[in-house]
Colleague: 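To start, I am sharing the structure in question, which I have written as structure tokens.
Letters A, B, ... are given to chains in the order of the sequence lines, protein chains preceding strands, and every chain is numbered from 1. Just so you know, these numbers use all the heavy atoms, side chains as well, and skip hydrogens, waters and symmetry mates.
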Amino acid sequence: MSSESVKGRTLARSFYRRDSRELAPMLLNKLLVHDDPAAGRLAVRIVEVEAYAGSTDPASHAYRGRTPRNATMFGPPGHLYVYFTYGMHFCMNIVAGDGEEDATDPGGDASAVLLRAAAPVAGIDAMRARRPKARHDRDLTSGPGRLAQALGVARAQDGVDLTRGPLRVLDDGVEPPRRPGRSTRVGLREGRGDRDRWRWWVPGEANVSRAKPSGG
DNA sequence: GGTGTGATCGTA
DNA sequence: ACGATCACACCA
């Protein structure tokens with residue numbers, strides 16, 4: 001099918017230059033667009049996110065300092081951090097923070113927002129082709145590994161500048177929810193204290209992941 | 001609806 | 001060894 005036109009204003013660097021816990025809920029309902037050389041224009045609407053802080057957050061990849069794997073987190077905000085996990089899945093994050101070093105913040109704050117789920121907007125046929133096991137369109141992008149697979153994002157896209165492309169984040173005028181759903185983060189051992197309710201989602205949205213924060 | 005488990009490999 | 005996970009089996 002022909003992809004719908006995707007309109008909106010590309011978010012500027014300044015949008016990302018804030019604490020990941022402030023940025024995360026602001027990303028809800030924003031459009032993520034991938035101008036994929038193989039599949040054409042793919043677009044999704046972000047419906048579930050998690051915030052990861054830097055050196056103070058034991059669940060963050062940045063907690064134990066800079067390594068080749070997490071180097072993008074230590075760079076400027078507004079870039080895509082992609083990592084490989086469980087031997088088979090890629091996950092996408094947006095780098096947050098001011099990216100600047102100071103005495104209390106060696107290496108910069110190295111914070112990021114994990115994109116956990118989105119709703120397909122354009123290029124759905126290409127997403128179905130990339131995810132033949134999805135029985136249902138709601139399974140195309142309703143989880144961090146699923147989302148990366150549907151969008152054709154892997155380690156090659158680590159570090160791309162989201163203010164330039166081929167991946168971009170657009171504001172098309174749909175506001176974030178006034179009262180987002182909120183809980184502790186999913187799939188962690190560390191950093192799921194009751195205070196760390198750093199997962200947000202769009203209430204009632206079918207493409208929010210089924211994952212539940214693991215309890216004790 | 002739910003719960004349990006194997007897959008699979010880069011990273012530390 | 002162990003994941004910021006997924007899909008499938010099985011039970012209900």
Side-chain angles (χ1 to χ4, degrees), chain A residues 16 19-21 23-25 27-28 32 44 46-75 77 79-97 107 109-120 127-159 180-201 206-216:
Chain A
Y16 303 103
D19 190 283
S20 62
R21 289 158 291 189
L23 175 64
L27 288 167
L28 293 175
L32 174 64
V44 298
I46 297 167
V47 301
E48 181 184 350
V49 294
E50 282 177 359
Y52 288 82
S55 57
T56 58
D57 178 3
S60 171
H61 289 174
Y63 184 59
R64 287 171 183 83
R66 182 179 182 141
T67 68
R69 179 205 202 195
N70 65 21
T72 299
M73 284 186 88
F74 288 81
H79 289 245
L80 188 69
Y81 166 48
V82 181
Y83 67 88
F84 181 64
T85 192
Y86 290 103
M88 55 197 118
H89 302 297
F90 293 95
C91 296
M92 308 169 67
N93 301 254
I94 297 178
V95 178
D109 44 12
S111 59
V113 177
L114 172 67
L115 303 181
R116 282 200 56 89
M127 298 184 203
R128 292 187 187 119
R130 284 217 166 104
R131 289 193 33 74
K133 290 182 191 165
R135 307 193 42 154
H136 214 206
D137 279 357
R138 78 192 307 170
D139 299 327
L140 287 173
T141 53
S142 54
R146 294 169 173 184
L147 175 62
Q149 187 178 24
L151 290 178
V153 168
R155 201 67 209 267
Q157 281 73 39
D158 179 47
R182 189 171 175 189
S183 78
T184 55
R185 295 175 291 183
V186 171
L188 308 175
R189 272 218 293 219
E190 309 278 357
R192 26 167 227 215
D194 291 346
R195 325 171 299 288
D196 302 337
R197 291 166 55 239
W198 295 349
R199 175 190 184 216
W200 291 267
W201 67 87
N207 288 274
V208 170
S209 76
R210 295 250 196 91
K212 288 180 185 164
S214 22

Colleague: Give me the first and last nucleotide of DNA chain B, going 5' to 3', that has any atom under 4.0 Å from a heavy atom of chain A.
Modeller: dG2(B) to dA12(B)
Colleague: Need one value for Arg155(A): base, sugar-phosphate or nothing, where a base atom within 4.0 Å counts as base even if backbone is also close, heavy atoms only.
Modeller: sugar-phosphate
Colleague: Which residues in residues 83-95 of chain A have at least one heavy atom lying under 4.0 Å from any atom of DNA chain B?
Modeller: Phe84(A), Tyr86(A), Gly87(A), Met88(A)
Colleague: Taking all non-hydrogen atoms of both residues into account, name the closest pair between Ala53(A) and Ser111(A) and its distance.
Modeller: CA-CB, 4.0 Å
Colleague: Between Trp201(A) and Arg199(A), what is the shortest heavy-atom contact and its length?
Modeller: CZ3-NH1, 4.0 Å
Colleague: Which residues pass the side chain to side chain donor-acceptor pair (under 3.5 Å) test with Ser20(A), not counting sequence neighbours?
Modeller: none
Colleague: Under the criterion side-chain contact (heavy atoms from CB on, under 4.5 Å), which of Val113(A), Asp196(A), Val186(A), Leu115(A) is the partner of Glu50(A)?
Modeller: Val186(A)
Colleague: Within the pair Arg116(A) and dT5(C), is there a side-chain N or O less than 4.0 Å away from OP1 or OP2?
Modeller: yes
Colleague: When rounded to the nearest 0.5 angstrom, what distance separates OG1 in Thr85(A) from NE2 in His61(A)?
Modeller: 6.5 Å
Colleague: For the side chain of Arg146(A), counting heavy atoms from C-beta on, which of dA4(C), dA7(C), dT5(C) is nearest?
Modeller: dA7(C)
Colleague: In terms of the nearest nucleotide of DNA chain C, which residue is placed more toward the 5' end: Arg135(A) or Ala59(A)?
Modeller: Ala59(A)
Colleague: Under 4.0 Å between a side-chain nitrogen and a carboxylate oxygen: does that hold for Asp57(A) and Arg185(A)?
Modeller: yes
Colleague: Mind calculating the distance between CZ (Arg185(A)) and C1' (dT5(C)) to the nearest angstrom?
Modeller: 16 Å
Colleague: Arg64(A) CZ to dA4(C) C1': how many Å, rounded?
Modeller: 13 Å
Colleague: Write down the distance between CG (Leu114(A)) and P (dG3(C)), rounded to a whole number of angstrom.
Modeller: 16 Å
Colleague: Considering every strand and a 4.0 Å limit on heavy-atom distances, what is the contact class for Arg131(A): base, sugar-phosphate, or nothing?
Modeller: sugar-phosphate
Colleague: Can you check the Gln149(A) CD to dT5(C) C1' distance for me, whole Å?
Modeller: 11 Å
Colleague: In Å, rounded to the nearest 0.5 Å, how long is the span from CG of Asn93(A) to CG of Leu114(A)?
Modeller: 5.0 Å
Colleague: Quick one: closest heavy-atom pair of Val49(A) and Ala24(A), and the distance?
Modeller: CG2-O, 3.3 Å
Colleague: Test your reading of the model: is there a side-chain donor-acceptor pair from Thr72(A) to the backbone of Asp158(A), 3.5 Å cut-off?
Modeller: no
Colleague: Measure CG/Leu147(A) against P/dT5(C) and give the value in whole Å, please.
Modeller: 13 Å
Colleague: Does dG4(B) have a Watson-Crick or wobble mate here (both distances under 3.5 Å), and if so which one?
Modeller: dC8(C)
Colleague: Could you check how far CZ of Arg21(A) sits from P of dA4(C), rounded to whole Å?
Modeller: 18 Å
